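These notes are about the structure you will find just below.
Side-chain atoms are counted along with the backbone in the values below, which use heavy atoms only and exclude waters and symmetry mates. None of these values were measured; they are calculated from a predicted model.
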Amino acid sequence: MKTGKVGRPPKTLPKGVKVRVKNKRNQKRKKGRKRPKYQITQREHPDTDQRLAKNAIHANHLEAQNAASKRLNSAFIIKTKIYAKTEHGL
């Protein structure tokens, strides 16, 4: 996105793409300024509508991908060097 300033412009998300992260830690005992419950992780396009309903935020696709990769990689965990009991096992 061209800004008219010298140098490389900061990376921004494409127009219409919204990304939010949910801060799950309890903010009551935290000193200082409290973080918002849903936080923007990257710069968004200026023409993107910033309003986002709370029920529109979900991580279903990401959680499914994490579960699938965990299932596929579980076979490799057993064969690591950490669990070898003898030099032959290494």
Side-chain angles (χ1 to χ4, degrees):
M1 199 168 85
K2 294 184 179 181
T3 60
K5 296 181 181 177
V6 178
R8 174 176 242 132
K11 290 185 178 181
T12 58
L13 293 171
K15 183 178 178 181
V17 176
K18 301 176 198 174
V19 177
R20 300 288 187 274
V21 172
K22 185 175 184 181
N23 293 320
K24 294 185 177 180
R25 184 172 177 224
N26 191 355
Q27 299 289 315
K28 290 179 184 175
R29 292 180 291 243
K30 183 177 183 266
K31 293 180 182 176
R33 189 176 62 87
K34 311 295 188 252
R35 291 187 296 177
K37 188 167 188 176
Y38 295 103
Q39 190 174 357
I40 298 172
T41 58
Q42 291 181 319
R43 289 178 179 248
E44 294 180 345
H45 195 276
D47 295 337
T48 302
D49 184 24
Q50 299 299 321
R51 291 175 286 137
L52 190 62
K54 300 221 184 224
N55 60 359
I57 300 172
H58 64 83
N60 298 342
H61 301 295
L62 184 64
E63 294 299 330
Q65 182 182 7
N66 289 344
S69 62
K70 189 175 181 181
R71 268 196 318 273
L72 291 172
N73 292 334
S74 65
F76 297 111
I77 293 172
I78 298 168
K79 297 180 182 178
T80 58
K81 293 191 265 185
I82 299 168
Y83 299 108
K85 304 210 180 213
T86 61
E87 290 184 20
H88 180 68
L90 289 173

Start with the C-alpha gap between Leu13 and Val19, add the side-chain angles, then the distance that decides, and say whether side-chain contact (heavy atoms from CB on, under 4.5 Å) holds.
CA-CA 9 Å; Leu13 293 171; Val19 177; 3.7 Å; yes
Here the salt bridge (charged side-chain N to carboxylate O under 4.0 Å, His left out) pairs for residues 9-19, sequence neighbours left out, are none
Using the side chain to side chain contact (heavy atoms under 4.5 Å, CB included) criterion, which residues pair with Gln27? Sequence neighbours excluded.
Arg25, Lys30, Lys34, Arg35
Does atom CD of Gln39 have more than 12 heavy-atom neighbours, drawn from other residues, nucleotides or ligands, at distances under 6.0 Å?
yes
Arg20 with Glu44: basic N within carboxylate O range, under 4.0 Å:
yes
